[in-house]
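Some notes on the structure that comes next.
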Number of protein chains: 2
Amino acid sequence: MSLIKKDKFSNIRDLSIPVLALDVVIFTIFKWELCIITQKKEKENWPKHVLPGWIMAKWFSIRENIENLLKRKTWIQWVFYEQLKTFWEVERDPRWHVVSIVYYALVWTDNFLHNVDFTQVDIIKFDDLDKLDFMYDHKKIIEYAKQRLKWKLEYTNVAKDMLGEEFRISQLQEVYEIILWEKIDKRNFQKKIFKLKMVKETWNLDKSTNRPAKLYKFVDKELKIYEVL
Amino acid sequence: MSLIKKDKFSNIRDLSIPVLALDVVIFTIFKWELCIITQKKEKENWPKHVLPGWIMAKWFSIRENIENLLKRKTWIQWVFYEQLKTFWEVERDPRWHVVSIVYYALVWTDNFLHNVDFTQVDIIKFDDLDKLDFMYDHKKIIEYAKQRLKWKLEYTNVAKDMLGEEFRISQLQEVYEIILWEKIDKRNFQKKIFKLKMVKETWNLDKSTNRPAKLYKFVDKELKIYEVL
DNA sequence: GCAAAAGTGTTTGGTCTACACCCATGA
DNA sequence: TCATGGGTGTAGACCAAACACTTTTGC
């Protein structure tokens, strides 16, 4: 969207069809909070946020478009991503009719923290959304994505993409508590997760806490349906 | 997609961006079967089916685009519709890179049967899908839409759009049985629906069956979440 | 020995399932 | 009077929610 200045797209607004863009809502859990990765912008000396996005390149696959976008705008690799929705209201951008295909992505924070260039990219807390200024309808899009993320947690193993390979059950529970924004009973949570056979033991122990904890990993690497809640 | 012959789009394939199309999967229940409305095509003297669709017009809202599309291609009005997914694999159309924003729609058969021009439009049974020839990836899209429809039935009141204003509980149950493709226990179904307060009595009776049946209507006109199954 | 997080069972109430008979009407 | 679909209740199995104390380790 903001990349429209590139030469090859300079005549784009004169076309008889709308402009097609790709935007991504990237979620991660950072310091016990649900966060979103945005691009920094300035407009009239005032900080603005935008979702990472660009004008879609023709003849490139989704995978290439998204992975290039993420790599070049945020230095992030190894993410889970899934289509969220296409936003195409006429009035979303006052200048042109921009149709945005929006994806949401999940990253395990440790996978990108050391790569990110924080002069270009911001990590913002989801709870600060209302305090920040977003361009276009991006705030609405983020709220929509959060809703989808909640649903996905409730009936799939999508949490796998917000954790490392091995994790304590209590860490898995934290992911649920942070995103669903509610306290969950420890015993009932474990019973549920084990009964679903969503995770399996690794026989390794995490000794970083006081009493060492068993480490688990997900049975499936791929997204799979589980009736969690 | 097939409308590309129109003059105003004649140069569209030379653009640096993909072509943007709108397609709709229209479901209806016709003669106790789940059906889909397609456009008739012929290719090399062989009947082909296509989803109703066209190249998206710039500066028109979703509502205008969809409602005009439906009206002009299928003579259908008064439908429920919701965005399904955007399909944008490079190889979906061998000629151009076409990005299709696909919606699914539900119609109560009585609302359109007398309007339709069957020389242009076909009503096909979902169960015949594998026997028929579709252009592009439209068969895959229909299967995806069917899956979404099932989920929606299971956790919303979306069935309202496949029935008239007032209906017998057994008719509602039929909608569920046809789409979910399973037999449901009459007593358990009624208990569930009533407990959810999804429908309310109208105090009218349907005397067209042997023993007159109570008629109900939906409490909400709008789509609302209900944990039906 | 104390602080911190791990680990573990039981009871209770609610929900889901399976199942069969009588009723009101039109033909 | 019979065929058709309408209307209704219960028992048993299973699942979800609420709830608190003991264990292991590092400091």
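Protein chains get the first letters and strands the later ones, always in sequence-line order, with residue 1 at the start of each.
- The interatomic distance linking K214(B) (NZ) with dG7(D) (P) rounds to 6 Å, in whole Å.
- Aromatic ring orientation, Y103(B) versus Y81(B): perpendicular (interplanar angle above 60°, classes split at 30° and 60°).
- Here the side chain of D206(A) pairs a donor or acceptor atom with the backbone of S208(A) at under 3.5 angstrom.
- Ring orientation note: the planes of Y104(B) and F80(B) are nearly perpendicular, at an angle over 60° on the 30°/60° scale.
- In this entry the distance linking NZ of K183(A) with P of dA16(D) reads 20 Å, nearest Å.
- dA16(D) atom C1' lies 14 Å from atom CD of E182(A), rounded to whole Å.
- Protein atom CD of E174(A) is 13 Å distant from nucleotide atom C1' of dA6(C), rounded to whole Å.
- Between the NZ atom of K195(A) and the P atom of dA17(D) there is a distance of 11 Å, given to the nearest Å.
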Just distance, no hydrogens or angles: give the donor-acceptor pairs under 3.5 Å from side chains in residues 140-148 of chain B, sequence neighbours left out.
{"from": "R148(B)", "atom 1": "NH1", "to": "Q83(B)", "atom 2": "O", "distance (Å)": "3.3"}
{"from": "R148(B)", "atom 1": "NH2", "to": "L84(B)", "atom 2": "O", "distance (Å)": "2.7"}

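- For T28(A) (side chain) and F30(A) (main-chain N/O), no donor-acceptor pair under 3.5 Å exists by modelled atom type.
- To the nearest angstrom, P of dG7(C) lies 6 Å from OH of Y216(A).
- Between dA5(C) and S170(A), no contact under 4.0 Å exists linking OP1 or OP2 to a side-chain N or O.
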Starting at the 5' end of nucleotides 18-27 of chain C, put B wherever the base has a protein heavy atom under 4.0 Å, S where only the sugar-phosphate does, and a dash everywhere else. BBB--BBB--
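- Cation-pi contact between K221(A) and F218(A): absent, since separation from the ring centre below 6.0 Å together with deviation from the ring axis within 45° is not met.
- Straight-line distance from the CD atom of E177(A) to the P atom of dA5(C): 13 Å, rounded to whole Å.
- When the C1' atom of dT17(C) is taken as reference, atom CD1 of I184(B) falls 13 Å away, rounded to whole Å.
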